[in-house]
Structures are given as structure tokens and as C-alpha cells.
Peer 1: 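Dumping the structure here so I can ask a few things about it.
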Amino acid sequence: MSLSVMRRLWLVPFLLLALAGCGSIARLDPPPLRATETLPILGLQNARFWLDADTAPLSREWLMMQERQVAALPPGARGRLPPSNLLALSGGGDNGAFGAGLMVGWTASGQRPSFDLVTGVSAGALIAPFAFMGPDYDPQLREVFTEVAPTDVLVIGSKLRALLFGEALADTSPLYRLIERHVNEALMAGIAREYARGRLLLIGTTNLDLGRPVFWNIGAIAASGRPEALELVRRILLASASIPGAFPPVLVNVESGGRAYQEMHVDGGAALQLFLYPPGIDLRGAGAPRLRERTAWVVRNGRLDTEWSSTNRSIISITGRAASTLLHFSAVNDIVRVYLTSQRDGVRFRLAYIGTDFTETRDQPFETAYMRALFAYGEAQGRQGGRWLDALRPIGSIDPSAPR
């Protein structure tokens, strides 16, 4: 995002600190702390993963994924899995138009692979289901990221009233309707089918009560056959893109010990800007028959360089600049973590991002003209096919490859 837009959205939580206690909206209690990690969702123990703690549940899911892939191989090819491609899609608000355009252009290049794993956070979460399902869903990507106006995503109400008595500045019911239109039974059936073939789709949110990132196993939820699964997936996608304070949080109904509770989930970017797999999973330990060439494709829906800005001596200007700097280097650190983990595991690393050659601006978030221009920029980059970086040069104002 541009600095001005980042300030408008991510400055909100800082301003709300000054108004804490002015008012609150009733909700059910969150589940007991000790029960939360192991709480079944839709009766599933593998519906989500807490990746800042024990990575064993995701490790088991990973091994099951590979076992399903092996079982799907022709008899003569058992034990010889083909190359594996892993895709991580970052947050970025309306800059998600870049990643969407990149996917469409990549299809046109004839080089876009099928991904064994797709992860999405925030704006990346809105791209992830379509990227996971493949080129047949490119029209949906184009529509969602080029045919929307600001009013198709959010409605801004009274700012003073929201600050004093509400939970957010904007109403995201238009965004929910957009999600509802595209995330339907047909998409869920397709995701469930691909999950059975050994592919994973993980969407990240932040559990605000716990202050922890959680990644939802969308394939397992889709394959559960539960009637509530579709609504849950829609709410997960909405939560992943809900910037706290700017957009309302999403409440997820859960049950523990026969009692109803509600978890509060917000933008996955509040905890992580992007994610691939935790360092606790060592792909080299997957077993010799399953060792194969792997490539990590990382899409940063934003820039890597820091944008210069004159900062006025005011609370809003100083706090806004600090918030945008925090988010920028949070994304940088996430990219570095993925890079180092992939290097450790012998996974090839590829990175795409918005370069300094994209110069379009906008006056407000989700302007149609801006998103169309950025989608076209990403599409052109995808068609070229050769602009993926394989090393971290540069990251922000630091070039790790430079001599010391």
C-alpha cells in the first residue's frame, strides 16, 4: 500500500488506544484459554493450526498430504513424486490486485505450475482459493480485483461515532457479499476434491483474544461435509482481510464443554504478513522416497523498497509513519524467514513484488482505476516469467548480498 493509505487504515488501532473504555459491543465470552488450541471446529481436529506453538499437527497433515499424493500416482511411478510447488500470498489491501494479475499473466505464459500448498494472508487470502484451484478460476480473479469500486468493499460511517461507540470505522458487509458471490458450493467441492488428492490450502487470521496467528485448513473444512462449512470459510476469508479498528472483527462460534463461545478473529497481517510453512517442519526429514525438487513461490503484494515521506510534527503524521514502517519491515522479516527456511531445506526460492517502475497512485483505498492498473502491471510481469528473484537483493534499504 502507499503510505497515505496505510496510515488511514493501520493508524486506527493506535488512535483507539486513546479511547479505550469509551464503549464496547456485547459478545459471547471467548473459550477458556487452555481449551482453545485443541478445540474441535466442525468436529475436526485438523481444521486449523497454531503455528507459534507445537508444529506437530501440521507436520502430521504434511505427511498425510504426501501419502495421498503417493497413493494417487500410477502404479509404475510409486515413490517418485514429481516436483513440488509451494505458493505464499502476502497481505497488502488493494495491492492484492498485483498478485491476482500475476496469476493471470503466469497462466498466459504457459509456465504456471499447480501448487501442492497455497497460503494466503489478508489480501492474499482473497486470491488464494482461486490460485489454488488453478487457471479455470482466473476470470474470478480478474473480476474481484478489477471490477470493484470502494463501495463494493466497505462503507465508511460516522468516524466520531465509530471511535466512541463502535468496533470499526467501516462496514465490510459489501466485501462479505463479494466473497459470498464467489465462494460457493462449487468452489468448496473443488477444494475438497483437491484436498483428497494431497493438496493444502491454508488461510491465516489472527485470534485477537489470544493475540496469536492461526492458519485454517480450508481443504479439510470443505471436505468435512458439514452444512456450516461454507459459511465458516466465507467468514475466515472475511476475517483474514479485516484490519482491526478499520474493519469489524469476525466472530467465530465455537463450543466447549457444552457451552457456546465466540472467538474474535481479524486480519492475519496483524500477526504475519505472509507465511509458507513453519521452520519446525524440516522437509529434509520427509523420507527418501518422497524427497524431490521443491520451489517456494512468494508473492509480496507490496513494494520491497521503503517509500520516502516527509513526516510532519503531529500525532497523526508521526504515528501513521511509524505504523507503515512497522508493517513494511514485518513483511520484510517474513520474507527473510521464508527465504532462510527454504535455503535450509534445499527448496528453491522465487520472489515477486511491486517494483519501483509502478508509479500509479490513488486517493482512497480500492479505487478501480488504481487496481486495474496494478492488475495489468502484475499480469505483464506474470507473462514475462523471468522477473522472479531468487535471492534477497534488495530488501528495504538493506542488501544482504552486499560485501561487509
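When reading the values below, keep in mind they use all heavy atoms of this one structure, side chains included, and skip hydrogens, waters and symmetry mates.
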Peer 1: Given side chains that start at C-beta, do those of L327 and S324 come closer than 4.5 Å, heavy atoms only?
Peer 2: no
Peer 1: Any Lys/Arg nitrogen of D345 or R294 sitting under 4.0 Å from an Asp/Glu carboxylate oxygen of the other?
Peer 2: no
Peer 1: Taking the six-membered ring for Trp, are the ring centroids of F375 and F145 within less than 6.0 Å of each other?
Peer 2: no
Peer 1: Should the pair R68 and Y195 be classed as cation-pi, given the thresholds of under 6.0 Å to the six-membered ring centre and 45° from the axis?
Peer 2: yes
Peer 1: Are F329 and V332 side-chain neighbours, meaning at least one heavy-atom pair lies under 4.5 Å?
Peer 2: yes
Peer 1: Can you measure from CG (L58) to OH (Y277) and round to the nearest 0.5 angstrom?
Peer 2: 11.0 Å
Peer 1: To the nearest 0.5 Å, what is the distance between CG on N217 and CD on E61?
Peer 2: 4.5 Å
Peer 1: With a 4.5 Å cut-off on side-chain heavy atoms, are P174 and T151 touching?
Peer 2: no
Peer 1: To the nearest 0.5 Å, what is the distance between CG on L89 and CD1 on I127?
Peer 2: 5.5 Å
Peer 1: Can a salt bridge be assigned to the pair R177 and E180 using a cut-off of 4.0 Å between side-chain N and carboxylate O?
Peer 2: no
Peer 1: Apply side-chain contact (heavy atoms from CB on, under 4.5 Å) to residues T341 and L276 and explain how you reach the verdict.
Peer 2: CA-CA 9 Å; T341 303; L276 191 61; over 6 Å; no
Peer 1: Test your reading of the model: is there a side-chain donor-acceptor pair from T368 to the backbone of V148, 3.5 Å cut-off?
Peer 2: yes
Peer 1: Could you tell me whether the side chain of T55 and the main chain of I281 form a donor-acceptor pair under 3.5 Å?
Peer 2: no
Peer 1: Is the backbone of G91 close enough, under 3.5 Å, to the side chain of S122 for a donor and an acceptor to pair up by distance?
Peer 2: no
Peer 1: For E360, which residues count as a salt bridge (charged side-chain N to carboxylate O under 4.0 Å, His left out) partner, sequence neighbours excluded?
Peer 2: none
Peer 1: Taking the ring of F358 and the ring of Y370, is the distance between their centroids below 6.0 Å?
Peer 2: yes
Peer 1: What distance separates L304 CG from I354 CD1, expressed to the nearest 0.5 Å?
Peer 2: 9.5 Å
Peer 1: Are V298 and R350 close enough, and set up right, to give a side-chain contact (heavy atoms from CB on, under 4.5 Å), and what steps lead you there?
Peer 2: CA-CA 6 Å; V298 178; R350 298 291 184 269; over 6 Å; no
Peer 1: If I compare all heavy atoms of R344 with all of P279, which pair ends up nearest, and what's the gap?
Peer 2: NH1-O, 2.8 Å
Peer 1: Can you tell me if Q262 uses its side chain to pair, donor with acceptor, with the backbone of L251 under 3.5 Å?
Peer 2: no
Peer 1: Testing the basics here: between Y261 and P32, what is the closest heavy-atom pair and its distance to 0.1 Å?
Peer 2: CZ-CD, 3.7 Å
Peer 1: Going by heavy atoms in the side chains, are Y377 and D357 under 4.5 Å from each other?
Peer 2: yes
Peer 1: Can you see which heavy atom on R181 is nearest to which on L178, and at what distance?
Peer 2: NH2-CD1, 3.1 Å
Peer 1: For the residue pair E194 and L201, establish whether any side-chain heavy-atom pair is separated by less than 4.5 Å.
Peer 2: no
Peer 1: For S114, what residues pass the side-chain contact (heavy atoms from CB on, under 4.5 Å) criterion, not counting sequence neighbours?
Peer 2: R199
Peer 1: In Å, rounded to the nearest 0.5 Å, how long is the span from CG of D116 to CG of L86?
Peer 2: 6.5 Å
Peer 1: Can you give each donor-acceptor pair under 3.5 Å made by side-chain atoms of residues 128-142, sequence neighbours left out, with the distance rounded to 0.1 Å?
Peer 2:
{"from": "D138", "atom 1": "OD1", "to": "R112", "atom 2": "NH1", "distance (Å)": "2.9"}
{"from": "D138", "atom 1": "OD2", "to": "T107", "atom 2": "OG1", "distance (Å)": "2.8"}
{"from": "R142", "atom 1": "NH2", "to": "E379", "atom 2": "OE2", "distance (Å)": "3.1"}

Peer 1: Could you tell me the separation between the CZ atom of R60 and the CG atom of N46, rounded to the nearest 0.5 Å?
Peer 2: 9.5 Å
Peer 1: With a 4.5 Å heavy-atom cut-off, do Y353 and I335 have their side chains touching?
Peer 2: no
Peer 1: Taking E367 for its side chain and Q364 for its backbone only, find out whether a donor-acceptor pair lies under 3.5 Å.
Peer 2: yes
Peer 1: Considering all heavy atoms of both residues, which atom of S342 and which atom of Y339 are nearest to each other, and what is their separation?
Peer 2: OG-O, 2.7 Å
Peer 1: Could you go through the side-chain contact (heavy atoms from CB on, under 4.5 Å) check for L232 and V252 one step at a time?
Peer 2: CA-CA 8 Å; L232 176 60; V252 175; 4.1 Å; yes
Peer 1: Kindly say whether G302 contributes a backbone atom to a donor-acceptor pair with the side chain of N95 at under 3.5 angstrom?
Peer 2: no
Peer 1: Is there side-chain contact between L126 and L175, with heavy atoms separated by less than 4.5 Å?
Peer 2: yes
Peer 1: What is the minimum heavy-atom distance between V299 and G99, and which atoms define it?
Peer 2: CG1-CA, 3.9 Å
Peer 1: Can W62 and L117 be said to form a side-chain contact (heavy atoms from CB on, under 4.5 Å), step by step?
Peer 2: CA-CA 10 Å; W62 190 277; L117 169 69; 3.7 Å; yes
Peer 1: Ignoring hydrogens and geometry, is there a side-chain-to-backbone donor-acceptor pair from N301 to S90 under 3.5 Å?
Peer 2: yes
Peer 1: Examine distances only and state if a side-chain atom of R212 and a backbone atom of W50 form a donor-acceptor pair shorter than 3.5 Å.
Peer 2: no
Peer 1: Looking at side-chain heavy atoms only, is the closest gap between L187 and V233 below 4.5 Å?
Peer 2: no
Peer 1: Quick one: does S240's side chain have a donor or acceptor within less than 3.5 Å of a partner on I236's backbone?
Peer 2: no
Peer 1: Do side-chain atoms of R292 reach the backbone of L81 as a donor and acceptor pair under 3.5 angstrom?
Peer 2: no
Peer 1: Check V347 against A296 and note the closest heavy-atom contact, atom names and distance.
Peer 2: CG1-N, 3.5 Å
Peer 1: Assess, by modelled atom type and distance only, whether the side chains of D334 and Q273 contain a donor and an acceptor separated by less than 3.5 Å.
Peer 2: no
